[in-house]
*Asks:* 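Have a look at this one before I ask anything.
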Number of protein chains: 2
Amino acid sequence: MTQKGITLKDVAAAANVSRATAARALNSYGYVGDETALRVIEAADRLGYRANLVAQALRSGQLPIVGFVPGDIQNPFFARIAHDIEAELRKHRHNLLIASSEENVEQEKELLESLRSLSIRGFILAPTSATDSQHIVQLAREGAPIVMIDRVAKEVHCDSVVVDNEGGAREAVDYLVAHGHRRIGLLRDESRIFTAQERLAGYQNSLQSHGITFDESLISVSRSTVEHAIEATIRLFSRHNRPTAVFTVDSLMTQGALLGLRSMGLSIPDDVSLVGFDDFNLATFTDPQITVVAQPISEIGPLAAKLLLERLAGKKVAPRHIRFPTRLIVRGSVSRLHKR
Amino acid sequence: MTQKGITLKDVAAAANVSRATAARALNSYGYVGDETALRVIEAADRLGYRANLVAQALRSGQLPIVGFVPGDIQNPFFARIAHDIEAELRKHRHNLLIASSEENVEQEKELLESLRSLSIRGFILAPTSATDSQHIVQLAREGAPIVMIDRVAKEVHCDSVVVDNEGGAREAVDYLVAHGHRRIGLLRDESRIFTAQERLAGYQNSLQSHGITFDESLISVSRSTVEHAIEATIRLFSRHNRPTAVFTVDSLMTQGALLGLRSMGLSIPDDVSLVGFDDFNLATFTDPQITVVAQPISEIGPLAAKLLLERLAGKKVAPRHIRFPTRLIVRGSVSRLHKR
DNA sequence: GGCCAATGTGAGATCGATCTCACAATGGAA
DNA sequence: TTCCATTGTGAGATCGATCTCACATTGGCC
């Protein structure tokens, strides 16, 4: 339990100079004699000196830490992004502190509040609510750079990286319509309001552009977990005039639909066609494999990190809003509907 | 960009007392007049004062942050554990800093080195190597509590939370043998030396106890990714006298085996039986569902966090080594082998 | 009345790194 | 020879919270 703690003072003493000179030598600024500098560096090496980041942070006001607040770190989507962000930050000697909001606005507020007092340099955030965003506005006002990913919150002026939810959903439903489907169910979640709203809009726009009447009863809402999605699926397919196809708004809902349909003895794609939003590894393991709208997930994290690092470096430009296109990956979960 | 920064000084000034008195009122220690205390607290509230954790950390020497170094945060196993740890720490007002070693010892060394200078309070670590552990020993010597999970490293004296890898593997292979299999392949990884070694031992012990000769050529080694596991599977099943069953040492290898076998046109369980170590959501989506050895994953994270928090609270006892039992979950990926 | 304990409060030190400022050499130019 | 610019170095302040210590007040008690 020998708390080491080799401080600059120790190095300075070992090199027979003042703390000021030692600091100059190690950080190469100001005037330092060549020989002196060498002596200091040698001493630092010998003692295994490492600057105390906390002390540095106290002066500079900022720790080399970036906060990441995903909806849920267990969601592979966010896990992947967390990984990418961390790798990118690491290159710039920054650390990533992850605090999951669990899709709960109150928790999000508390987390941000507590991260705030840590003097964290910046935030990457997937806002839980599109409207309840005053706490984020407040945070931004205090000067901490923020990058929103996956979703955006109203009235917050900061960089954002999202995907084209509306277009992706539209493409998925277009595809189903092109295969003759007209009674198309939608499995959507309530919580991730921003993406859910946009995907719903895509669904509606597609129907409308094909002259199909929007039928409220074809929409089933649940929380975004596999379990809840199973129930929602069963609810949706228990009606007597059931849909011939479903579009699910995220990968957990897709999994729920898969299990729900299986439990009802409905087979894909013979009884029901399925397209899901968000690709996920499971999609290629099922039989048939699932047709999905894929997000460019590998680009989101690195880009978000890059935007944030630019802000940390002092870049002052108007907020940048990046919106990635999605891509329909056709597999085998959609069949042509034959007129009966 | 109005860097707020309401400090204790501001509060003290607003309440017309000294910083010392303000600190006493807010942290309730020492003697403070009731009325004075009230005035200070009221002022703090009004100004929205929050103690600067960095300044506190500089004095106390420690930030309320715990470092988590998993093998790979994208692995659902670690993502789940990260989530659980974070939730547990949050209750005690601690934050979780995640830095993935990506199963690379060198990276692990660098990470620990850089976390060290952050004055982090403690570490939860899945050591990449069982033998190359001097850097961890060093870290422990400096007084930072460490809890190892999933694997242990030699010569490091600290708490650990692992599962019964040897027993789990043995149970899996026993199960295959009980179904008549004698030529049982093993898909194992090279990197996670500790668990791989133990699971290999379980495989060997099971064979031995059933009088089956150990055949080196039935073992296929690869990195623990789906892609590499696919190749390893194909290698294993390309031999002319191929195995009738496989045991895979983790969920990524299991997925690789699934895809590899499918690409070779081999069906489960008719052509090949399969048991995997580690349950994963995908296992119940395939047809047939996969029989696995499940780890009590929901208990690992919370327990690790609890052990660490006890250490942080000053608990001084000999290192505790927890080893959870595994559980065989029988699904449909194993068939009885008929003598031909 | 005098004295000690209990109670309240503030000045200043501390944690470690860094920055400002003052001051000392040295050398070249006038 | 004198003076200023350049180069090199150290003393001390700073960041914000907390802790020690010293200094006031009170009140109770002999």
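Order of the sequence lines fixes the chain letters, A, B, ..., with proteins taken first and strands second; residue numbering starts at 1 for each chain.
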*Asks:* B:K109: which residues meet the salt bridge (Lys or Arg N to Asp or Glu O under 4.0 Å) condition with it, sequence neighbours left out?
*Replies:*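 B:K109: salt bridge (Lys or Arg N to Asp or Glu O under 4.0 Å) contacts with B:E106, B:D132.
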*Asks:* Report the distance from atom CG of B:L118 to atom C1' of C:dG16, rounded to the nearest whole Å.
*Replies:* 14 Å
*Asks:* Find the distance B:N52:CG to D:dC15:P and express it as a whole number of Å.
*Replies:* 12 Å
*Asks:* Specify the separation, in whole Å, of atom NZ of A:K9 and atom C1' of C:dC15.
*Replies:* 10 Å
*Asks:* In whole Å, what is the span from the CG atom of A:L53 to the P atom of C:dC15?
*Replies:* 19 Å
*Asks:* Identify each donor-acceptor pair in which a side-chain atom of residues 119-126 of chain A lies under 3.5 Å from a protein atom, sequence neighbours left out, and give them as a table.
*Replies:*
unit_1 : atom_1 : unit_2 : atom_2 : d
A:R121 : NE     : A:Q62  : OE1    : 3.4
A:R121 : NH1    : A:H94  : NE2    : 3.1
A:R121 : NH2    : A:L312 : O      : 3.1

*Asks:* May I have all residue pairs that pass salt bridge (charged side-chain N to carboxylate O under 4.0 Å, His left out) and include part of residues 49-64 of chain A, sequence neighbours excluded?
*Replies:* A:R50-B:E113
*Asks:* Rounded to whole angstroms, how far apart are CD on B:Q62 and C1' on C:dG16?
*Replies:*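 Atom-to-atom, B:Q62 to C:dG16, this comes out as 15 Å.
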*Asks:* With a non-hydrogen cut-off below 4.0 angstrom, is A:V17 in contact with a base, only sugar-phosphate, or nothing?
*Replies:*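 The residue A:V17 makes sugar-phosphate contact but no base contact.
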*Asks:* In whole angstrom, what separates B:L58's CG from D:dT18's C1'?
*Replies:* 11 Å
*Asks:* With B:P76, which residues qualify under side-chain contact (heavy atoms from CB on, under 4.5 Å), at least two apart?
*Replies:* none
*Asks:* Which atom pairs link the protein and nucleotides 11-13 of chain C when you take only N or O atoms and keep those under 3.5 Å?
*Replies:*
unit_1 : atom_1 : unit_2 : atom_2 : d
C:dA13 : N6     : B:R19  : NH2    : 3.0

*Asks:* To 10°, what angle do the rotation axes through the five end pairs on each side of the helix from C:dG1-D:dC30 to C:dA30-D:dT1 form?
*Replies:*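 For the helix from C:dG1-D:dC30 to C:dA30-D:dT1, the axes at either end differ by 70°.
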*Asks:* Please answer whether the main-chain N or O of A:F77 pairs with a side-chain N or O of A:N75 as donor and acceptor at a distance below 3.5 Å.
*Replies:*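 Checking the backbone N and O of A:F77 against the side chain of A:N75, a donor-acceptor pair under 3.5 Å is found.
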*Asks:* For B:A57, which residues count as a side-chain contact (heavy atoms from CB on, under 4.5 Å) partner, sequence neighbours excluded?
*Replies:* A:V54, B:L63
*Asks:* Among all residues two or more places apart in sequence or in another chain, which pass the side-chain contact (heavy atoms from CB on, under 4.5 Å) test with B:A51?
*Replies:*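 B:Y49, B:Q56.
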*Asks:* Find the distance B:N16:CG to C:dG8:P and express it as a whole number of Å.
*Replies:* 18 Å
*Asks:* The side chain of B:T7 lies closest to which of these nucleotides: C:dC15, D:dA17, C:dA17?
*Replies:* D:dA17
*Asks:* Is there a donor-acceptor contact under 3.5 Å from the side chain of B:R151 to the main chain of B:T195?
*Replies:* no
*Asks:* What pairs with B:R24 under salt bridge (Lys or Arg N to Asp or Glu O under 4.0 Å), at least two apart in sequence or on another chain?
*Replies:* none
*Asks:* Which residue pairs pass the salt bridge (charged side-chain N to carboxylate O under 4.0 Å, His left out) test with at least one member in residues 72-87 of chain A, sequence neighbours excluded?
*Replies:*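 Checked against salt bridge (charged side-chain N to carboxylate O under 4.0 Å, His left out) - neighbours excluded - the pairs reaching residues 72-87 of chain A are A:R80-A:D84, A:E86-A:R90.
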*Asks:* For DNA chain C, which residues of residues 26-43 of chain A approach it to below 4.0 angstrom with any heavy atom?
*Replies:*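 Listed by number, they are A:N27, A:Y29.
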*Asks:* Would you be so kind as to tabulate the donor-acceptor pairs closer than 3.5 Å made by side chains of residues 35-44 of chain A, with sequence neighbours excluded?
*Replies:*
unit_1 : atom_1 : unit_2 : atom_2 : d
A:R39  : NE     : A:A15  : O      : 3.0
A:R39  : NH2    : A:A15  : O      : 3.0
A:E42  : OE2    : A:R46  : NE     : 3.0

*Asks:* Round to the nearest Å and state the distance from A:R50 atom CZ to C:dG16 atom P.
*Replies:*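 Answer to the nearest Å: 16 Å.
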*Asks:* Would you indicate, yes or no, if D:dG16 has its OP1 or OP2 atom less than 4.0 angstrom from a side-chain nitrogen or oxygen of B:Y49?
*Replies:*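 No, B:Y49 has no side-chain N/O under 4.0 Å of OP1/OP2 on D:dG16.
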*Asks:* Nearest of C:dT18, C:dG16, D:dT18 to any side-chain atom of A:Q56?
*Replies:*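 Of C:dT18, C:dG16, D:dT18, C:dT18 is nearest to the side chain of A:Q56.
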